[in-house]
2 protein chains.
Amino acid sequence: MLKLSTKGRYGVKAMFDLAQHVGEGPTSLKSVAERQGISEHYLEQLISGLRKSGLVKSVRGAQGGYILGREPSKIKIGDIIRVLEGPIAPVDCVSEEDPECCAKAEFCVTRTIWEKVRNSIAEVLDSITLETMLEDAKKLEAERSLYMYYI
Amino acid sequence: MLKLSTKGRYGVKAMFDLAQHVGEGPTSLKSVAERQGISEHYLEQLISGLRKSGLVKSVRGAQGGYILGREPSKIKIGDIIRVLEGPIAPVDCVSEEDPECCAKAEFCVTRTIWEKVRNSIAEVLDSITLETMLEDAKKLEAERSLYMYYI
DNA sequence: CAAATCCCGACTGTTTTAATAAGATATGGG
DNA sequence: CCCATATCTTATTAAAACAGTCGGGATTTG
């Protein structure tokens with residue numbers, strides 16, 4: 001029902017966590033899982049897909065972990081979601097890739113609605129990058145300080 | 001994964017079907033199910049919710065069926081989806097109604113993303129009415145005729 | 001070598017989905 | 001008044017998806 005599964009949610013959280021530690025060498029999944037309150041084993045499964053798609057790189061062995069595959073400004077939330085949840089499509093007949101077309105697709109009025117929904121979701125998710133999120137986090141942090149000051 | 005279930009899809013199809021027969025007296029579920037290629041029994045369950053929410057009215061007995069609860073221009077696709085799929089919310093913490101807030105909601109960067117997604121979905125679904133769909137169907141029909149003409 | 005860490009596949013319990021089935025209730029027409 | 005046609009309601013179910021858990025293997029640092 002237009003719900004994101006934990007895959008997408010956890011994945012974005014984890015990627016954001018990695019973005020917050022960019023330039024500090026590899027970050028272990030254990031620490032990500034602890035900070036974000038996610039099962040480490042489950043996170044392993046999710047990150048596997050992210051690695052295969054190149055969104056993160058892994059460093060094996062002790063002191064190993066994960067680093068972002070490219071700069072935060074080059075990683076869109078849409079990239080993450082597509083890897084973890086599959087192509088964006090409220091219904092299969094308007095999938096971004098391989099749309100399983102029904103016979104009446106050309107003249108289906110219902111279909112045009114789902115296309116609009118898909119486009120609007122993709123537009124939002126592709127307009128936000130990990131860099132954007134880092135900036136937003138800074139702003140929220142500033143507001144929070146201000147708020148605390150008045151208490 | 002941001003998928004609509006058949007409830008939403010079938011529901012919109014069924015409501016659109018009723019809209020196409022507005023003013024013709026009650027339309028039986030059987031005929032709707034046949035035209036739209038949906039299991040009649042399953043459709044019964046879906047329409048039950050639509051009736052309870054006033055989007056359709058029922059007429060029992062022979063020659064009975066369903067009619068729209070108000071004019072097509074007053075029924076938004078968002079209304080239908082909310083009844084059949086629940087409040088629009090890619091994740092629970094940004095539900096349109098009773099958002100189950102997590103403790104960190106105020107300062108959660110991830111959350112703001114899901115809010116934007118929710119708003120963009122709601123905006124699309126609330127901008128389209130059954131009336132809009134009827135107009136679109138007319139246009140598609142016209143195009144189709146034109147296309148057929150050239151063959 | 002030992003500890004930390006990534007990597008991989010199999011298994012499990014719960015929930016959701018998408019129906020199906022069976023019967024109760026209502027009503028217009030003959 | 002009866003019956004075919006409908007709406008209503010509840011229960012059951014098969015299959016899939018979801019959200020992990022578990023056990024073990026491979027790789028690297030100290």
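Naming convention: chains lettered A, B, ... in sequence-line order (proteins, then strands); numbering from 1 in each chain.
Non-hydrogen atoms lying under 4.0 Å from DNA chain C are contributed by nothing in residues 21-35 of chain B. Scanning residues 58-68 of chain A for heavy-atom distances under 4.0 Å to DNA chain D yields A:Arg60, A:Gly61, A:Ala62.
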With sugar-phosphate taken as primed atoms, P, OP1 and OP2 and all else as base, the protein-contact string of nucleotides 14-22 of chain D at under 4.0 Å (heavy atoms; B, S, -) is ----SBBBB
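Side-chain contact between A:Ile128 and B:Thr112: absent, with no pair of heavy atoms (C-beta onward) separated by less than 4.5 Å. The shortest side-chain heavy-atom distance between A:Arg82 and A:Asp126 falls under the 4.5 Å cut-off.
Judged purely by distance below 3.5 Å, without hydrogens or angles, the side chains of B:Tyr10 and B:Ser39 never pair a donor atom with an acceptor atom.
Protein atom CG of A:Leu46 is 15 Å distant from nucleotide atom C1' of C:dC6, rounded to whole Å. Rounded to whole Å, atom C1' of D:dC8 lies 19 Å from atom NZ of B:Lys57.
Closest of all the heavy-atom pairs between B:Met15 and B:Leu68 is CE-CD2, 3.8 Å.
For the pairing with A:Leu4, the side chain to side chain contact (heavy atoms under 4.5 Å, CB included) check across B:Leu2, B:Val117, B:Asp92 returns one residue only, B:Leu2.
A salt bridge (charged side-chain N to carboxylate O under 4.0 Å, His left out) check over residues 11-36 of chain B, counting only residues at least two apart or in different chains, returns the pairs B:Asp17-B:Arg35.
B:Glu40 is linked by a salt bridge (Lys or Arg N to Asp or Glu O under 4.0 Å) to nothing, counting only residues two or more places apart in sequence or in another chain. For A:Glu123, there are no side chain to side chain donor-acceptor pair (under 3.5 Å) partners, not counting sequence neighbours.
For A:Arg111 and B:Asp136, the salt-bridge test fails: no basic side-chain N is under 4.0 Å from an acidic carboxylate O. Under 4.0 Å is where a charged nitrogen must lie from a carboxylate oxygen, and between A:Glu71 and A:Lys74 at least one such pair does.
Taking side-chain N and O atoms only, A:Arg51 has no distance below 4.0 Å to OP1 or OP2 of C:dC6.
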